[in-house]
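Encoded as structure tokens, the structure appears first; notes follow it.
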Amino acid sequence: MTHVRTAAMALVALLLVVAGAWASWNSAQHVLLAKGREHGTLTVTDCTDETCSGRYVPEDPSSSRRTLSIARSVAAEKGVTIPVVVKPGTDEGVRTGWGGGLHAWLPLGGALLLAAPLVGGGMRLPRTAWSLAGVGGAVLVAAFFAL
């Protein structure tokens, strides 16, 4: 019976981590694989509950795009200038640099924190659980300070 419990906890923990990585990859791919994509800066002029938008200044002067939106974060306030990379085929940007990369991986950090008690208590692997919690917490704290 303990093998069934261990297998079930491993499956749920794996599902959490995979879901966190999948959710993170939607934004992280644009930050990590930014070569060949449109880069520029966004000066935030307006924010809603979920997005911020503003004037976009591309690095390539031949770009016709002049406005852009970005997912709202604690660091996006009116008047702030943010370096961004544009998601291909959209008018949506993703913050670049360390702050953008860490912000993109926040779902994975949260998933690691959620998986840690399952690994520690359900699978009886306390060292692995502390490692998962440490890495997840480090991502969250680093994103907080990088933004």
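The analysis underlying the following values was restricted to heavy atoms, covering all of them including side chains, and did not include hydrogens, waters or symmetry mates.
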Shortest non-hydrogen pair, Leu68 vs Glu92, comes out as CD1-N, 3.9 Å
What one should report as the nearest heavy-atom pair of Ala146 and Gly99 is CB-CA, 3.8 Å
(request) Take atom CZ of Arg66 as the centre, draw a 6.0 Å sphere, and report whether it contains more than 12 heavy atoms from other residues, nucleotides or ligands. (result) yes
So CG of Leu108 and CG of Leu113: to nearest 0.5 Å the spacing works out to 10.0 Å
Separation between CG (Leu114) and CG (Leu15), nearest 0.5 Å, reads 11.5 Å
Heavy-atom nearest pair, Ala129 first then Ala116, reads CB-O, 3.2 Å
Q. Would Leu14 and Leu125 show up in the same hydrophobic cluster when neighbours are defined by side-chain heavy atoms closer than 4.5 Å?
A. no
In terms of side-chain heavy atoms, does His103 have a donor or acceptor partner in Arg95 at a distance below 3.5 Å? no
Self-check item: Whether Arg37 side chain and Leu33 backbone form a donor-acceptor pair below 3.5 Å
Solution: yes
Separation between OG (Ser131) and CG (Leu112), nearest 0.5 Å, reads 10.5 Å
### Query
Given the rule in the side chain to side chain donor-acceptor pair (under 3.5 Å) test, do Thr48 and Thr51 qualify, once you have shown the distances and angles that lead to the verdict?
CA-CA 5 Å; Thr48 64; Thr51 62; 3.3 Å; yes
Ser27 and Lys87 have their tightest heavy-atom pair at OG-NZ, 4.4 Å
Counting only heavy atoms from other residues, nucleotides and ligands, does the tally under 6.0 Å from CZ of Arg65 exceed 12?
yes
When every non-hydrogen atom of Trp105 is compared with those of Ala21, the smallest separation belongs to CZ3-O, 4.3 Å
So the disulfide bond (SG atoms under 2.5 Å apart) pairs with at least one residue in residues 9-67 (sequence neighbours excluded) are Cys47-Cys52
Separation between CG (Leu132) and CG (Leu118), nearest 0.5 Å, reads 10.0 Å
Practice item. Test Ile82 against Val44 for side chain to side chain contact (heavy atoms under 4.5 Å, CB included), laying out the working first. Key: CA-CA 8 Å; Ile82 302 170; Val44 177; 3.8 Å; yes
Membership question, hydrophobic clusters at under 4.5 Å side-chain separation (ILVMFWY): are Trp25 and Trp22 in the same one? no
The reported gap from CZ in Arg72 to CG in Asp49 (rounded to nearest 0.5 angstrom) is 7.0 Å
If Ile, Leu, Val, Met, Phe, Trp and Tyr residues are connected whenever their side-chain heavy atoms lie under 4.5 Å apart, and connections chain through other members, are Val86 and Ile70 in the same group? yes
inquiry  = Does Met9 form a side chain to side chain contact (heavy atoms under 4.5 Å, CB included) with Val119? I'd like the steps, not just the answer.
reply    = CA-CA 7 Å; Met9 291 297 138; Val119 172; over 6 Å; no
query = Any link between Val139 and Val17 through a network of hydrophobic side chains (Ile, Leu, Val, Met, Phe, Trp, Tyr) touching at under 4.5 Å?
reply = yes
In short, Met123 meets Thr6 closest at the heavy-atom pair CG-O, 3.9 Å
Residues at least two apart in sequence or cross-chain that pass side-chain contact (heavy atoms from CB on, under 4.5 Å) with Ala143, listed by chain then number, are Leu102, Leu106
Which of Thr81, Thr41, Thr43, Val84 passes side-chain contact (heavy atoms from CB on, under 4.5 Å) with Val57? Answer is Thr41
CD of Glu38 to OG of Ser62, rounded to nearest 0.5 Å, is 8.0 Å
